[in-house]
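A short worksheet on the structure shown next.
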Number of protein chains: 2
Amino acid sequence: MPTLTPTGDEPAPLGRNEQAVLGALRRSRAARSAYDILDEVRDAGLKAPTQVYRALEKLVKRGLAHRIESLNGFVACRHPQDQGFAAFAICTRCGAVRELADEALIAPLRHWAGAEPFAIEHVTLEVRGLCPACAGG
Amino acid sequence: MPTLTPTGDEPAPLGRNEQAVLGALRRSRAARSAYDILDEVRDAGLKAPTQVYRALEKLVKRGLAHRIESLNGFVACRHPQDQGFAAFAICTRCGAVRELADEALIAPLRHWAGAEPFAIEHVTLEVRGLCPACAGG
DNA sequence: ATCGCGAGCGTTATACTATAACAAAACAAG
DNA sequence: CTTGTTTTGTTATAGTATAACGCTCGCGAT
């Protein structure tokens, strides 16, 4: 048993690899693939996909990053307050990913979860389309 | 210009490859990867991933199949009446995929789409968790 | 101190998913 | 028949993700 983390669930500080990967995610408004990220963090000493994937896994577990299934990519979390569901609007033209905190979108899911005999572990909600800027409006 | 399809948008009949792939999807309650399907339709003469992906692309365009992003897999459509959004409940234990036609789940998305300056092209809504059977209830 | 253990990291190799590019065949129109 | 178009077949390759193994480092026990 480790002797640190004395109070019980103090979140361990991010390691070098996690910091580098999270930094790369935060610098981008679009989702990045693990290999994109790898290209960007080679300077920081990461050399293989495994290292990037391990860092991403930890970041996602902590809620500091999200996986975008429909892009096979990742984004930094911009709404740390949301502990449960997260939703994303993805522009198919410019690639920008907006994290949606809209409770109107999420509440129905919670409601459905309560009514159905289905034990929800995770929800993926990804809306693809044109953002206002790209729609030319 | 083709002379067939005389009335304008008569849906061309499915080709051999599409039929074989759709058959494989319909036989399964879980999502199948393109390579899974390929193994199953080798008898029908398909030999390369490209053929399976092309068949899947056509089936999805017609609404006869759906892609499950979070599994990199595909399922046959079981609710042909729904033209717009489709949602899925995916059991993480047995892999069964249930297509959700629940309007209560989908209506909020339509509502959001109307209110937001975002031109929706496609919505991915995938709920992962334990189905009633696997939850032991 | 030093031994042994467990956690995490680095590295290599490989599996899995998807598409590009071109060849061959099918088919309608002239 | 021949020509242009569309579909299908085939090969090769790109892109995404994980398995497996060995090293090192920190810690507690002796």
Side-chain angles (χ1 to χ4, degrees), chain A residues 1-6 9-22 24-25 30-62 65-75 95 124 126, chain B residues 1-22 24-25 30-62 65-75 95 124 126:
Chain A
M1 187 216 271
T3 44
L4 287 187
T5 70
D9 54 358
E10 196 98 352
L14 293 179
R16 264 171 190 67
N17 292 357
E18 282 93 15
Q19 286 180 28
V21 169
L22 183 55
L25 289 180
R32 315 285 312 265
S33 78
Y35 283 73
D36 275 352
I37 296 168
L38 177 56
D39 286 341
E40 185 165 337
V41 296
R42 280 224 152 82
D43 299 340
L46 286 84
K47 287 174 185 151
T50 310
Q51 298 172 278
V52 175
Y53 280 105
R54 287 208 274 239
L56 286 168
E57 186 183 4
K58 288 180 186 165
L59 293 171
V60 169
K61 268 204 189 107
R62 284 208 194 192
H66 299 287
R67 182 186 172 89
I68 307 295
E69 302 282 0
S70 62
L71 298 175
N72 291 330
F74 300 84
V75 293
T124 299
E126 299 173 9
Chain B
M1 185 218 270
T3 46
L4 287 188
T5 69
T7 59
D9 55 358
E10 197 99 348
L14 293 179
R16 261 168 193 70
N17 291 358
E18 285 90 14
Q19 286 181 26
V21 168
L22 183 55
L25 289 180
R32 314 286 310 267
S33 79
Y35 282 74
D36 275 353
I37 295 168
L38 178 55
D39 286 341
E40 185 167 336
V41 297
R42 281 223 153 83
D43 298 340
L46 286 85
K47 286 172 184 153
T50 311
Q51 299 172 280
V52 175
Y53 279 105
R54 286 207 275 237
L56 286 168
E57 186 183 3
K58 287 179 186 166
L59 292 171
V60 168
K61 268 204 190 106
R62 282 206 194 194
H66 298 288
R67 182 187 171 90
I68 306 295
E69 302 282 0
S70 63
L71 297 175
N72 291 329
F74 300 84
V75 294
T124 298
E126 300 173 9

Q) Going through the checks in order, is the side-chain contact (heavy atoms from CB on, under 4.5 Å) test met by B/L25 and B/L56? A) CA-CA 10 Å; B/L25 289 180; B/L56 286 168; 4.0 Å; yes

Q: Report yes if at least one side-chain N or O of B/R32 is closer than 4.0 Å to OP1 or OP2 of C/dC16; otherwise report no.
A: no

Q.
If the condition is side chain to side chain contact (heavy atoms under 4.5 Å, CB included), which residues does A/R42 pass it with, not counting sequence neighbours?
A. A/L38, A/D39

Q) Among all residues two or more places apart in sequence or in another chain, which pass the side chain to side chain donor-acceptor pair (under 3.5 Å) test with B/E69? A) B/R67

Q. In Å, rounded to the nearest 0.5 Å, how long is the span from CZ of A/F74 to CG of A/L22?
A. 13.0 Å

Q: State plainly whether the residues A/E18 and A/R62 are in salt-bridge range, i.e. N to O under 4.0 Å.
A: no

(Q) Just the rounded figure in Å: distance from P of C/dA25 to CG of B/N17. (A) 16 Å

Q: Calculate the interatomic distance between B/R16 atom CZ and D/dG9 atom C1'; express it in whole Å.
A: 15 Å

Q: Carefully, step by step, assess A/N72 and B/N72 under the rule side-chain contact (heavy atoms from CB on, under 4.5 Å).
A: CA-CA 9 Å; A/N72 291 330; B/N72 291 329; 4.0 Å; yes

(Q) Among residues 35-60 of chain A, which ones have heavy-atom contacts with DNA chain C below 4.0 Å? (A) A/K47, A/A48, A/T50, A/Q51, A/R54, A/K58

Q. At under 4.0 Å, does any side-chain N or O of A/N72 touch on OP1 or OP2 of D/dA17?
A. yes

Q | d(CD, B/E18; C1', D/dT6) in whole Å | A | 13 Å

